[in-house]
Amino acid sequence: MEAKAQTRYIRVTAQKARRVVNLVRGQNAVEAAASLKFQPQAVATDVRKLIEPAIANARVKADKAGERFDERELVIKEIFVDEGPTMKRIQPRAQGRANRILKRSSHITVVVATPVAAKEGAK
């Protein structure tokens, strides 16, 4: 059983988000969500809020298929960060010059799976 959740246009750079995402890749989904509560990075909250709906999506898929579901068995099979659009802004500087400010965004995707499905996808 595999379930996916994604969030788009998060106002954080992809580089900063990848630091947090790399901490939880391959972990148990419930434990990963719990550990992210104590991470100091601001994006950890967004990643935790994304893992929880992925778990809920897996529950709904299991109910539709009539399969047994235990959220403690779910593992984060895939989690990745893609760059989103960049907003370009101008900051005035001395002597009529201007600096460009790049306000970056990112898209985060999580795929949770039971360990059996995670091994089959690796083959």
Side-chain angles (χ1 to χ4, degrees):
M1 179 64 53
E2 247 183 46
K4 177 179 167 182
Q6 67 181 24
T7 183
R8 303 187 68 200
Y9 307 105
I10 296 288
R11 274 282 294 121
V12 68
T13 66
Q15 185 177 10
K16 289 178 183 178
R18 284 185 187 117
R19 284 181 40 204
V20 174
V21 161
N22 290 338
L23 295 173
V24 296
R25 185 174 285 121
Q27 284 188 1
N28 180 299
V30 176
E31 292 174 7
S35 69
L36 286 173
K37 283 185 181 179
F38 303 105
Q39 293 297 322
Q41 294 88 354
V43 73
T45 305
D46 295 324
V47 175
R48 181 178 52 82
K49 286 181 180 180
L50 182 61
I51 291 173
E52 291 166 354
I55 294 170
N57 290 344
R59 180 180 294 116
V60 169
K61 271 188 152 181
D63 289 345
K64 279 188 178 178
E67 296 179 11
R68 183 184 66 81
F69 178 76
D70 185 11
E71 66 181 25
R72 293 171 294 185
E73 292 179 359
L74 289 176
V75 175
I76 296 179
K77 179 182 172 186
E78 281 184 75
I79 184 166
F80 55 90
V81 180
D82 295 323
E83 285 187 25
T86 301
M87 295 188 290
K88 293 156 182 90
R89 300 291 182 259
I90 302 292
Q91 181 179 22
R93 301 300 289 187
Q95 298 182 357
R97 295 188 178 100
N99 272 4
R100 184 175 244 183
I101 296 176
L102 301 176
K103 297 190 174 192
R104 300 180 187 272
S105 67
S106 56
H107 308 311
I108 306 173
T109 305
V110 176
V111 177
V112 294
T114 55
V116 174
K119 289 178 185 174
E120 288 173 3
K123 289 182 181 177

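All values below were derived from every heavy atom in this structure, side-chain atoms included, with hydrogens, water molecules and symmetry-related copies excluded.
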**Message:** For a 4.5 angstrom cut-off between non-hydrogen side-chain atoms, does R25 reach K77?
**Reply:** no
**Beyond-backbone contact of Y9 with P85, side-chain heavy atoms, under 4.5 angstrom** =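 The answer is yes, as the side chains (C-beta and beyond) meet within the 4.5 Å cut-off.
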**Item:** V111/I79 under side-chain contact (heavy atoms from CB on, under 4.5 Å): CA gap, chis, key distance, verdict
**Value:** CA-CA 6 Å; V111 177; I79 184 166; over 6 Å; no
**Prompt:** For I10 and S105, what are the C-alpha separation, side-chain angles and deciding distance, and is it a side-chain contact (heavy atoms from CB on, under 4.5 Å)?
**Reply:** CA-CA 5 Å; I10 296 288; S105 67; over 6 Å; no
At what distance, to the nearest 0.5 angstrom, does [atom1] of [X] lie from [atom2] of [Y]?
X	Y	atom1	atom2	answer
R93	N99	CZ	CG	5.0 Å
T109	H107	OG1	NE2	8.5 Å
L23	L36	CG	CG	7.5 Å
L74	R59	CG	CZ	9.0 Å
T114	E71	OG1	CD	14.0 Å
K88	K103	NZ	NZ	13.5 Å

Over all atoms of both residues, closest heavy-atom pair of [X] and [Y]:
X	Y	value
T86	L102	CG2-CB, 3.8 Å
A17	S106	CB-OG, 4.4 Å
Q39	A44	CB-CB, 3.6 Å
A29	I76	CA-CG1, 4.0 Å
A3	A54	CB-O, 3.6 Å

Linking I/L/V/M/F/W/Y whenever their side-chain heavy atoms sit closer than 4.5 Å, directly or via other members, would [X] and [Y] fall into one cluster?
X	Y	result
V112	F69	yes
L50	V30	yes
V75	I55	no

**Request:** Check step by step if side-chain contact (heavy atoms from CB on, under 4.5 Å) holds for K37 and R48.
**Result:** CA-CA 7 Å; K37 283 185 181 179; R48 181 178 52 82; 3.5 Å; yes
Verify, without hydrogens or angle tests, whether [X] (side chain) and [Y] (backbone) share a donor-acceptor contact under 3.5 angstrom.
X	Y	value
N28	R72	yes
R18	V81	yes
R11	R104	yes

**Item:** Derivation and outcome, side-chain contact (heavy atoms from CB on, under 4.5 Å), residues K4 and E2
**Value:** CA-CA 7 Å; K4 177 179 167 182; E2 247 183 46; over 6 Å; no
**Message:** For the CD atom on E83, are there more than 12 heavy atoms of other groups (residues, nucleotides or ligands in this structure) within a distance under 6.0 Å?
**Reply:** no
